[in-house]
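The structure appears right after this line, and notes come after that.
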Amino acid sequence: MLEGKAVVRETDMPKAMQSHVMELAYMALDLHEVSDCQSIANYIKQKFDEEYGPAWNCVVGKDFGSCITHLCGSFIFFHVEMMEFLIFKDGKDFSETKDEEIGVLQKANRSNS
């Protein structure tokens with residue numbers, strides 16, 4: 001598991017939901033290998049679908065870019081050490097959605113610098 005503190009980079013989620021998703025991220029990191037990003041993302045997505053209804057999306061990794069449309073009040077992008085988490089809910093009502101572009105690029109071999 002990663003031991004660092006979660007740091008929010010961007011969000012429009014209510015504080016209680018932010019706390020919940022970060023708690024789920026720590027649980028997922030405890031349950032799965034850090035390198036198993038797909039299982040970590042699936043765990044968080046399934047828990048959020050159960051708690052807040054369907055259509056949640058979760059991206060976990062160290063090097064990804066994205067351009068998403070999300071339902072307002074359902075977006076968070078945070079990191080725990082070098083692991084990035086992007087969670088958002090897709091919405092069909094485009095009057096209540098917002099576009100976001102997120103890019104993450106980690107420097108290769110920081111320890112060798």
Worksheet item: Do you know which two heavy atoms are closest between K89 and P54, and how far apart they sit?
Response: CE-O, 2.9 Å

Item to complete: Might you confirm whether atom CD of Q38 has over 12 heavy atoms from other residues, nucleotides or ligands at distances under 6.0 Å?
Response: no

Practice prompt. Please report the shortest heavy-atom distance between M82 and K62, naming the atom on each side.
Written response: O-CG, 3.6 Å

Worksheet item: Going by heavy atoms in the side chains, are S66 and V59 under 4.5 Å from each other?
Response: no

Worksheet item: So do the side chains of F85 and V80 get within less than 4.5 Å of each other, counting heavy atoms only?
Response: yes

Worksheet item: Is there a donor-acceptor pair closer than 3.5 Å between any side-chain N or O of E10 and the backbone N or O of F77?
Response: no

Discussion item. Within a 6.0 Å radius of atom CD on E50, are there more than 12 heavy atoms belonging to other residues, nucleotides or ligands?
Written reply: yes

Worksheet entry | Contacts of F88 that satisfy ring pair (Phe, Tyr, Trp, His ring centres under 6.0 Å) - sequence neighbours left out | none

Item to complete: Without swapping roles, check the side chain of D90 against the backbone of L71 for a donor-acceptor pair under 3.5 Å.
Response: no

Item to complete: Return the minimal non-hydrogen interatomic distance between G73 and P14, and the atom names on each side.
Response: O-CD, 3.5 Å

Response to the item:
Residue set satisfying side chain to side chain contact (heavy atoms under 4.5 Å, CB included) with S39, at least two apart, ordered chain then number -> H32, D36

Worksheet item: Judged by atom type as modelled, is there a donor-acceptor pair below 3.5 Å linking the side chain of D12 to the main-chain atoms of F75?
Response: yes

Worksheet entry | From CD1 (I76) to NE2 (H70), nearest 0.5 Å | 11.5 Å

Discussion item. Which residues pass the side chain to side chain contact (heavy atoms under 4.5 Å, CB included) test with A41, not counting sequence neighbours?
Written reply: C58, V60

Item to complete: Output the distance between atom CD1 (I44) and atom CD (E23), rounded to the nearest 0.5 Å.
Response: 11.5 Å

Item to complete: Starting at CG of L24, measure out to CD1 of I87 and round the result to the nearest 0.5 Å.
Response: 9.0 Å

Discussion item. I need the K5 NZ to H79 NE2 distance, nearest 0.5 Å.
Written reply: 10.5 Å

Fill in: K47 side, atom NZ; W56 side, atom CH2 - distance, nearest 0.5 Å
15.5 Å

Worksheet item: About how many Å separate OH of Y52 and CE of M17, when rounded to the nearest 0.5 Å?
Response: 4.5 Å

Practice prompt. Would you please name every residue forming a salt bridge (Lys or Arg N to Asp or Glu O under 4.0 Å) with K45, sequence neighbours left out?
Written response: D49

Worksheet item: Partners of Y43 by ring pair (Phe, Tyr, Trp, His ring centres under 6.0 Å), sequence neighbours excluded?
Response: none

